[in-house]
Structure formats: structure tokens, C-alpha cells
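What follows is one structure encoded as C-alpha cells, with my remarks underneath.
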There are 2 protein chains.
Amino acid sequence: MTGERGPRALQRAETRRTLLRESRKLFAAQGYAAVGLAEIVRAAGVTKGALYHHFDSKTDLFRAVLAEVQEEVAVRVAAAGDAQAEPWDQLAAGCRAFLEAGADPDFQRILLVDGPAVLGWAEWRALDEQGSARHLVDALTTLVEAGLLAPQPVQPLARLLSGAMNEAALWLATTAEPGALEDTWAALARMLESLRAE
Amino acid sequence: MTGERGPRALQRAETRRTLLRESRKLFAAQGYAAVGLAEIVRAAGVTKGALYHHFDSKTDLFRAVLAEVQEEVAVRVAAAGDAQAEPWDQLAAGCRAFLEAGADPDFQRILLVDGPAVLGWAEWRALDEQGSARHLVDALTTLVEAGLLAPQPVQPLARLLSGAMNEAALWLATTAEPGALEDTWAALARMLESLRAE
DNA sequence: GGTTTCACATACCGTTGGTATGTCAAGTAA
DNA sequence: TTACTTGACATACCAACGGTATGTGAAACC
């Protein structure tokens with residue numbers, strides 16, 4: 001049974017968590033290519049044998065880390081959306097939460113920069129789809145069905161918005177310009193408004 | 001004088017061009033990380049010594065390739081824009097040309113996927129700025145000054161649009177959906193329209 | 001309580017990016 | 001022409017990397 005909890009299973013789970021936590025810190029700080037497995041296992045206090053007992057490859061480890069980060073972002077976006085009553089406000093709040101999530105370095109480097117390059121764009125896209133991007137598609141679909149959004153294919157629109165927010169999040173993280181977040185949000189909000197049904 | 005053209009300089013230039021051409025093909029087809037220097041020099045018919053005589057590192061070679069690709073895209077975008085008389089049409093034509101440039105695999109993989117990961121987002125951004133992104137900022141600035149675009153900070157807007165188009169270009173390249181380009185363009189055009197001064 | 005399983009540790013390997021050095025023709029000055 | 005220098009590579013080599021094959025000892029099972 002998977003419900004069993006012996007000391008063995010606990011140890012295993014903890015080792016795995018440690019590996020994920022330490023590699024995530026290193027990947028976020030230095031980038032996937034710049035951090036070696038030796039550095040990861042040293043930080044985690046285990047050996048390469050342990051790492052390869054839990055993960056198939058360095059790429060597989062990165063995939064697990066990325067999924068973790070993405071899940072966190074998705075939760076934040078969904079929470080911000082659910083806090084609003086009106087569908088339109090839900091979309092706006094989710095988008096804004098996504099932009100603000102860009103302040104997290106893990107989010108930028110792991111998810112946006114290294115993700116597509118390490119996993120390939122196709123796989124990255126698939127993971128993105130079942131992460132935060134799914135909420136975006138859901139929200140847009142709801143709006144179209146409710147007649148609040150001009151009828152149109154949702155997929156291209158979601159891609160445009162997703163890309164816009166990804167890039168904006170990266171830009172916001174590196175720019176020192178004060179009010180950049182508000183300016184960006186204003187421009188994005190205007191774009192969203194333009195999609196409203198008439 | 002740099003204008004001198006002996007057999008030496010010619011040979012040097014040709015070797016460099018061959019290196020750039022072959023590595024570009026390989027980088028585009030397999031991605032930066034998956035292609036080794038051995039494969040590159042074999043394709044180019046030279047040795048690693050020649051490569052390191054022309055470039056400081058594998059990263060430096062990639063940087064040169066990326067700059068070349070980016071220049072080509074910038075030329076295409078600028079040409080499409082210049083073909084239009086009205087400032088607003090120039091922006092629209094440039095954006096559309098950019099989207100269509102996404103059909104080129106070199107463009108996708110080298111410029112959009114591997115670029116930020118290999119060079120780091122900051123350097124990639126700087127290169128992007130002096131490439132096609134510059135034309136976008138120029139066009140937007142012109143429109144604002146001409147009173148055709150609602151007065152607003154141009155930088156955030158340019159980032160949003162640039163990101164939207166980058167992502168859309170990648171999506172268009174992988175989707176089999178017919179009419180995807182037109183749907184995407186329609187959504188993008190609508191966004192652009194929303195920015196018009198009233 | 002003997003056996004099996006499992007979660008690692010140890011030892012090792014092929015390949016990779018990078019470097020140090022060698023080589024020989026093209027350029028230069030007498 | 002000749003002696004010398006420069007430059008465009010080729011050759012040989014290295015440390016580090018991701019990955020694998022094998023060893024080990026405690027926990028789980030019968």
C-alpha cells in the first residue's frame with residue numbers, strides 16, 4: 001500500500017525534498033547549465049548515487065523543480081482570481097497576480113528562461129498549459145461564453161497574453177524604473193479592456 | 001588599414017563565415033546544448049583550433065550567430081514597415097512581418113528559446129533592444145509624438161507587445177491549426193487598435 | 001532469523017569545453 | 001633574394017561534467 005509510512009519511506013521523501021529544495025536554489029541563482037550535479041549533491045548532503053536513485057537525469061531533476069515552481073505560481077494566480085466575484089475581475093486579478101509573481105527569481109530563471117531551453121519549447125508549453133496558463137484559458141473561455149468577451153478563438157489570445165506577461169515579468173524584475181509595475185499593468189489592463197464585447 | 005585585402009584576410013573571412021553558417025544550422029536544428037564543438041568543426045571542415053582562433057568560447061560563437069539571425073529579422077521587420085506610408089500602418093506591418101518571421105526555425109530556437117538561457121536574459125534583452133525591438137520602440141514613440149497613440153510610457157508597452165509576439169511566433173510554428181496565423185493576427189491587431197488615441 | 005528489498009554510497013567511464021603548444025605559409029623590411 | 005615576424009590555423013592534452021555499474025548496510029518481509 002502506498003499509505004504505509006515506515007522510516008524508510010519517510011527518509012526517502014525527505015531526501016527527495018532536500019534534493020529539490022537545494023537544486024532549486026542553485027538553478028535559480030546560477031542557471032541550469034552553470035550548476036553541476038556535484039554542487040547539488042554537496043548542498044543536499046548526499047551523493048550522486050542518491051540523486052540518480054530519485055531522478056533519471058539532470059534534466060529530469062530540473063523538470064521536477066520546474067513543475068514545483070509552476071504549481072506555486074498557478075496556486076497564487078488561481079487564489080487571486082477566486083478572490084473576485086465577477087468573471088472579468090477574476091481575469092484581471094489573475095493577470096496582475098502573475099505579473100507580481102515575477103518578482104520571484106525562481107520564477108524568472110527556472111520557469112521562463114531555462115525552462116524552454118532545457119526541456120524544449122514543446123514540453124515547456126505542455127507543462128505551462130497544465131499550470132498557470134490553464135487558468136488563463138479557462139478565464140477567457142468563461143468570459144466568451146458569458147458574452148463578456150468578443151467571440152474569438154481563445155487559444156491565440158491566450159498565447160499572446162501569456163507571452164506578454166512572461167516578458168513583462170522578466171522586464172519588471174530587472175528594471176529599476178519606479179512605477180514600472182503600475183505602468184505595465186496599466187498597459188496590460190488597457191489591452192484586456194479592448195477585448196470586451198460591445 | 002582594414003581595407004587591405006590579401007589572401008590571408010580573405011581566407012580568414014571565409015573560415016569565419018563557414019563557422020557561423022554551419023554552427024547556425026546545427027544550433028537551429030538541435031539546440032545550443034545538444035551540439036558539441038566537435039560536430040561544428042567537422043561540419044565546417046576545420047579544427048577546434050580554428051574555432052578558438054575566431055571566437056573566445058562556444059558561448060561567444062553562439063552570440064555571433066544570434067546577432068546575425070537577429071539582424072536578418074530586424075531587416076525584414078524594418079523593410080515591411082518602411083513599405084507603408086502611414087505611421088500606424090508601419091507599426092502594423094512590422095508586427096505582422098515579425099509574426100511571419102517566426103516560421104523560420106533559426107529564429108525560434110536560436111533567438112527565442114536558447115538566446116535568453118545561454119546569454120542570460122539581461123544580455124539577450126540588450127541585443128534584442130538593438131535589433132528588432134528597437135524598431136518597435138521607435139514606431140511606438142513616433143505614434144505617441146504624432147498624437148496617434150494614447151500618451152503613455154512606451155517601454156512597458158513595447159515589452160508587452162514584444163513578449164506577446166515572441167510567444168505567438170513560437171506557438172504558430174508548432175500548431176497545426178489552420179488559420180492560426182490569421183486568428184493570432186486578428187487578436188494582435190485588436191490589441192494594437194485599443195491603444196489608439198481617442 | 002534468514003532472505004530479500006531498498007535507499008543510498010563508491011568507483012569508474014566517455015565526452016565535453018577549453019587551453020597550451022606546434023607548424024607553416026603569408027607578410028615585411030634589408 | 002633573404003632573414004625575420006606575424007598570423008591562421010592544427011595537434012595534443014587536460015579538468016570537469018553527466019551518467020553508469022557496482023557495492024553496502026539497514027529496514028522490511030516471510
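The figures here come from the full heavy-atom set of this structure, side chains too, leaving out hydrogens, waters and symmetry mates. Predicted model only: the values in this text are computed from it and were never measured. In what follows, chains carry the letters A, B, and so on, assigned in the order in which the sequence lines appear, proteins first and then strands, with residues in each chain numbered from 1.
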**Message:** Taking the basic N atoms (NZ, or NE/NH1/NH2) and the acidic carboxylate oxygens, is any pair closer than 4.0 Å for A:Arg190 and A:Glu193?
**Reply:** no
**Fill in**
In whole angstroms, the gap separating P of D:dG18 from CG of A:Asp56 amounts to 16 Å
**Message:** For B:Arg159, is there an ion pair with B:Asp128 - N to carboxylate O distance below 4.0 angstrom?
**Reply:** yes
**Prompt:** Looking at A:His53, does any N or O in its side chain come under 4.0 Å of the phosphate oxygens OP1/OP2 on C:dC8?
**Reply:** no
**Asked** Phosphate oxygens OP1/OP2 of C:dA7: is one of them under 4.0 Å from a side-chain N or O of A:His54?
**Response** no
**Prompt:** Is a donor-acceptor pair below 3.5 Å formed from side chain B:Lys48 to base C:dG18, judging by atom type as modelled?
**Reply:** yes
**Request:** Rounded to the nearest angstrom, tell me the gap between atom CG in A:Leu51 and atom C1' in C:dA7.
**Result:** 13 Å
**Prompt:** Does the side chain of B:Thr15 reach to within under 4.5 Å of the side chain of B:His54, using non-hydrogen atoms?
**Reply:** yes
**Fill in**
Side-chain contact check for A:Tyr52: nearest option of C:dA9, D:dG19, C:dG18 is D:dG19
**Asked** Which nucleotide in the set C:dC8, D:dA10, D:dG19 lies at the smallest distance from any side-chain heavy atom of A:Thr15?
**Response** C:dC8
**Request:** Provide, to the nearest angstrom, the distance between the CD1 atom belonging to B:Ile40 and the P atom belonging to C:dG18.
**Result:** 11 Å
**Request:** Could you tell me the separation between the CG atom of B:Leu61 and the P atom of C:dG17, rounded to a whole number of Å?
**Result:** 11 Å
**Prompt:** What integer distance in Å separates B:Arg42:CZ from C:dG17:C1'?
**Reply:** 16 Å
**Item:** From D:dA10, C:dC8, C:dG17, nucleotide with atom closest to B:Leu37 side chain
**Value:** C:dG17
**Message:** Whole angstroms only, please: what is the CZ-P distance between B:Phe55 and C:dG17?
**Reply:** 15 Å
**Request:** Look at the side chain of A:Gln11 and decide which nucleotide, out of C:dC8, D:dC9, C:dG18, has an atom nearest to it.
**Result:** C:dC8
**Prompt:** Given D:dA8, C:dA9, C:dA7, which nucleotide is nearest the side-chain atoms of A:Ala50?
**Reply:** C:dA9
**Message:** Can you work out whether A:Gly49 or A:Ala33 has the more 5'-proximal nearest nucleotide on DNA chain D?
**Reply:** A:Ala33
**Fill in**
Among D:dA8, D:dA10, C:dA9, the one nearest any side-chain atom of B:Val46 is D:dA10
**Pairing of A:Lys25 and A:Glu22 as salt bridge, 4.0 angstrom limit** = yes
**Item:** Sole candidate of A:Asp114, A:Asp106, A:Leu20 that passes side-chain contact (heavy atoms from CB on, under 4.5 Å) when paired with A:Val65
**Value:** A:Leu20
